[in-house]
Structure formats: structure tokens, C-alpha cells
2 protein chains.
Amino acid sequence: MEEGPPAGLSSRDKILWAAATMLGGKSATTPSVRAVAARAGVSTGSVQHHFPTQRELMDEVLILVYDTMLPDDSLHDSSIPARERLVASLQRLLALEVRDLGSRGVWIQAFDRYVRSEPTEAAREEYLARERELRRRIEYSLAVLQGEGALAPGDNERRARFLNTVASGLSIAQVFPAVSSLLATELEVLRTAVDYVLNEQPASESPAPGSPQPGE
Amino acid sequence: MEEGPPAGLSSRDKILWAAATMLGGKSATTPSVRAVAARAGVSTGSVQHHFPTQRELMDEVLILVYDTMLPDDSLHDSSIPARERLVASLQRLLALEVRDLGSRGVWIQAFDRYVRSEPTEAAREEYLARERELRRRIEYSLAVLQGEGALAPGDNERRARFLNTVASGLSIAQVFPAVSSLLATELEVLRTAVDYVLNEQPASESPAPGSPQPGE
DNA sequence: ACCTGAACACCGTTCAAGT
DNA sequence: ACCTGAACACCGTTCAAGT
């Protein structure tokens with residue numbers, strides 16, 4: 001029915017293609033090795049040959065996906081779902097900070113400059129300016145999506161503060177010990193946050209959320 | 001040689017005992033149903049009878065463990081809206097880390113220990129254990145609220161990862177320069193995150209936002 | 001109601017065997 | 001080197017059958 005990798009690809013690329021196209025779907029979990037093999041039209045042994053472990057495959061796929069996502073500004077490409085564009089946009093902001101230094105160097109430097117000792121007024125100003133710039137970029141992304149109706153009207157400043165906090169939490173997590181490659185869980189959290197914002201209730205009067213009837 | 005639940009327990013309690021005692025170990029993953037059954041000395045079917053699903057078992061265990069460990073009064077006070085209780089719970093976790101040192105001292109110390117230089121394996125393990133513990137506490141709060149119907153059924157592990165990231169982002173923001181008292185915006189972001197989780201769509205078949213159409 | 005153990009439909013990974 | 005498919009050692013969940 002909906003089978004088949006593009007013709008002329010090597011087995012390795014067929015596998016990467018299969019895994020990449022299984023990431024976008026609704027499923028939050030990483031696709032199974034067997035499912036990837038089936039979609040790619042190869043045996044599980046072949047997958048194992050090119051990617052000895054599931055994590056190695058996923059790492060390769062995520063790098064591939066973001067490398068093709070990041071370079072051009074896909075924000076305005078309305079053929080891509082709004083969710084993916086906003087995720088990519090935030091991912092770009094995270095990557096932007098890291099660039100050449102590696103995130104660890106960035107954080108250590110920032111810590112020494114702004115936290116360890118009381119920052120000078122100039123340093124303080126500098127930091128605040130950078131933070132403001134980050135939030136502005138997020139607000140810009142939100143505005144673009146709002147312009148095409150993908151995002152309900154609402155307080156984008158608040159949303160930007162929220163998304164910035166999430167990005168910040170992900171960024172700091174990158175430099176602390178982690179069980180595995182953070183890339184996958186990072187993407188999951190980012191998608192969760194973005195989905196929340198994009199699905200936000202149009203702020204009805206009544207407090208729809210919790211149970212209005214706690215007593216019984 | 002380290003077998004056996006305390007005598008005189010009902011099957012249900014033997015299962016809970018087994019699961020609870022498997023939580024503390026070094027393993028980061030939730031114990032398998034089969035392993036719990038084996039340790040409890042019952043069949044898998046018996047586990048299934050008392051706890052139809054693995055998550056229901058885990059939720060019950062977490063509630064049991066944390067209720068006896070540190071009773072959090074406000075969390076169970078159903079006269080308070082679920083939103084406020086979850087916010088308060090997260091704030092408690094944030095405060096818990098800080099305690100006497102002040103957040104700046106905590107972060108500087110954590111940085112020196114886990115980031116600045118490559119952490120030892122022991123330090124790494126220690127950090128991971130603490131992180132796991134934090135997420136479990138969040139899962140516990142979610143399970144409690146779910147128990148009274150204030151939270152839709154869903155992947156609490158994912159939600160906990162998300163809320164933990166938000167809390168982490170807020171925590172790190174505390175030590176960097178800020179325009180004004182962060183307390184207000186912090187509370188706002190926390191409430192936003194909590195509202196998102198509590199209002200989460202019950203995951204209808206089609207994820208409304210983007211169209212998942214990769215292949216073609 | 002409570003419990004058993006087999007069975008179902010999956011996993012990730014390993015590996016002898018082919019080309 | 002690349003690939004196959006069977007096999008190993010697991011999963012969570014279902015279920016007919018017992019008590």
C-alpha cells in the first residue's frame with residue numbers, strides 16, 4: 001500500500017530513509033528495528049550490519065534529519081507541518097548557542113561570566129540582551145505560524161517565555177550526565193511542548209481543565 | 001539467595017512489595033512484569049489480575065512508596081484545584097534541591113562536580129540516580145491526580161520528562177541575571193506547563209496539527 | 001474472586017550461512 | 001563486505017482452565 005523506499009538507494013540509505021520517515025508520524029516511540037527493516041525492504045541482519053545497535057541507527061537518523069532541516073530557513077515552507085517547523089526553529093536556536101564550542105564549553109563560559117561571581121553591569125546587560133534576542137526569535141516564529149492560522153491568537157510573549165524555558169532546560173540537560181544519547185528524548189520533549197502550544201485552548205472563560213467537582 | 005517477600009502478605013501486597021523493592025536498585029528501567037511476579041513468588045497472571053497494566057502497577061507502587069516516605073499534605077487536598085497542587089508539587093521539588101545552600105551554590109557545585117571535568121563513574125551514577133528520583137516523584141504526583149480524574153489517562157513518563165525539563169529550565173534561569181524578580185514569571189511558566197499537561201487532548205486518532213505525510 | 005501457566009505477538013541482538 | 005533468516009532470550013498482555 002504505502003511501501004517502498006526511493007529506487008537506486010544503497011541498503012544503508014534505504015534503512016536511513018525508512019527510519020527517518022517513521023519519525024514524523026504520530027508515534028512518539030522510536031521505531032523498532034524490525035519495522036525499519038520491513039519498511040526499507042531489507043533483513044534485520046542487514047540493519048544490524050550497518051547499525052550494530054538501535055541507538056546508533058537513531059543517532060545517525062536524527063543527525064541526518066536535522067542536518068537537512070537546519071540549513072535553510074524552513075519556517076515559511078507551509079508544505080511542512082507547522083509542528084515540525086516550530087520544532088526545527090527551536091532546535092536551531094539550541095544549535096546556535098552551541099556552534100563550534102560544544103555545549104559544554106558554552107555553559108562553562110556562561111557560568112564563569114554570569115554566575116560564579118557577581119557579574120558586572122556590562123556583563124549583565126549583555127546577557128539580558130541575548131536572552132531578549134532569543135525570545136524575540138521565538139516570538140517571530142510564533143507570529144509566522146499565527147499568520148497562516150496554524151496557531152490560535154493569544155499571548156505570544158507568554159508562549160515564547162514558556163518555549164524558551166523548555167529550550168533552556170534541554171540545553172542544560174545536554175551538559176549533564178545522561179543515560180543515552182539525549183537527541184531522541186530531547187526531540188520528544190520539544191515536540192510535546194510545541195504540540196501543547198499549537199493545541200492551546202482558545203482560553204474559554206470557564207476553567208475547563210481540572211475536575212470542577214473535587215468533593216465527590 | 002536474596003529471595004522472598006515477608007510472610008503473611010496477600011498476593012496483591014507481595015506484588016507491591018516486590019515492585020517497590022526493585023525500584024531502589026541500580027537499574028534505571030521499570031522492572032518487568034515477569035521479574036516482579038518472580039520476586040513476589042506469584043504467576044504473571046496473578047499480577048495481571050491485580051494490576052491489569054504495568055503502568056497501573058507502577059502508579060500504585062509510586063503512590064505507596066512516596067506516601068509512606070514523605071506525606072505531601074497539599075497534594076491530596078482535593079479542595080484545592082489540581083492545577084495549584086501540581087504547581088506546588090513542582091515548586092517543592094525545585095525548593096528541595098536548593099534547601100539551605102541557595103540555588104546559586106547548588107548549581108555551582110553541581111557544575112564543578114558533573115560538568116567542568118569529566119565526572120567519575122560514581123559521580124555519574126549518583127547524578128543519574130537523583131534525576132531518576134526526581135522524575136519518579138513527578139510521576140507520583142501525576143498518578144495521584146490521575147486517581148481522582150483530574151488528569152486524562154496517558155503516558156505519565158513522557159509528561160514527567162516534560163515537566164522535569166521545564167523545572168530544570170526555571171531552576172537554571174534563577175541563577176542567571178534577570179530583569180526583575182523571577183518569581184512571578186516563574187510561576188507563570190510553571191502554570192502554563194501544568195495547564196498544558198492537565199488539558200492535554202485525549203490523543204484522538206488524528207493528531208490535529210500537522211499532516212503526517214512523509215513518504216509521498 | 002483469585003490464581004495458574006500456556007500462548008500470542010511482539011522486542012533487540014547474535015550468528016552461521018550464503019553471495 | 002554485504003546480506004539473509006533462523007534462533008536466543010527477553011517483553012506486555014490475553015485467556016482458558018483450574019480452585
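The chains referred to below are lettered A, B, ... by the order of the sequence lines, with proteins before strands, and numbering in each begins at 1.
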ask   = With B/E60, which residues qualify under salt bridge (charged side-chain N to carboxylate O under 4.0 Å, His left out), at least two apart?
value = B/R12
request  = For A/F51 and D/dC2, give me the distance from atom CZ to atom P, rounded to whole Å.
outcome  = 12 Å
note = Taken in chain and number order and not counting sequence neighbours, the residues that satisfy side-chain contact (heavy atoms from CB on, under 4.5 Å) with B/L64 are B/L16
message = Can you tell me how the ring of B/F111 sits relative to the ring of A/F176, calling it parallel under 30°, perpendicular over 60° and tilted otherwise?
response = perpendicular
key: Length of the line joining B/I15:CD1 and C/dA1:P, which is rounded to integer Å   = 17 Å
key: Partner set under salt bridge (charged side-chain N to carboxylate O under 4.0 Å, His left out) for A/E56, not counting sequence neighbours   = none
ask   = How many Å lie between CG on A/D13 and C1' on D/dC2, as a whole number?
value = 14 Å
remark   = To the nearest angstrom, the CG-P distance between B/L9 and C/dC3 comes to 12 Å
remark   = Protein-proximity profile, nucleotides 5-11 of chain C, B/S/- by nucleotide at the 4.0 Å heavy-atom cutoff, equals BBB---B
Distances under 3.5 Å only, N/O to N/O: pair up the protein atoms with those of nucleotides 16-19 of chain D.
none

message = Test of understanding: with salt bridge (charged side-chain N to carboxylate O under 4.0 Å, His left out), list the residues that count as partners of B/R34, not counting sequence neighbours.
response = none
ask   = Closer than 4.0 Å, any side-chain N/O of A/H50 to the OP1 or OP2 of D/dC3?
value = yes
query = Please, what dot-bracket string fits DNA chain D when only Watson-Crick and G-U pairs with both distances under 3.5 Å count, crossing ones use [ ] and pairs to another strand use |?
reply = ||.|||||...|||||.||
ask   = What pairs with A/D112 under salt bridge (charged side-chain N to carboxylate O under 4.0 Å, His left out), at least two apart in sequence or on another chain?
value = A/R116, B/R116
message = Any heavy-atom pair between the side chains of A/V33 and A/Q48 that's under 4.5 Å?
response = yes
message = Could you work out, with side-chain contact (heavy atoms from CB on, under 4.5 Å) as the rule, every residue matching A/S168, not counting sequence neighbours?
response = B/I172
query = Listed by chain and number, what are the side-chain contact (heavy atoms from CB on, under 4.5 Å) partners of B/E126, not counting sequence neighbours?
reply = B/R113, B/Y114
ask   = Considering residues at least two apart in sequence or located in another chain, which fulfil the side-chain contact (heavy atoms from CB on, under 4.5 Å) criterion with B/D155?
value = B/R55, B/E157, B/R158
Partner residues of A/T165 under the side chain to side chain donor-acceptor pair (under 3.5 Å) criterion, sequence neighbours left out = none
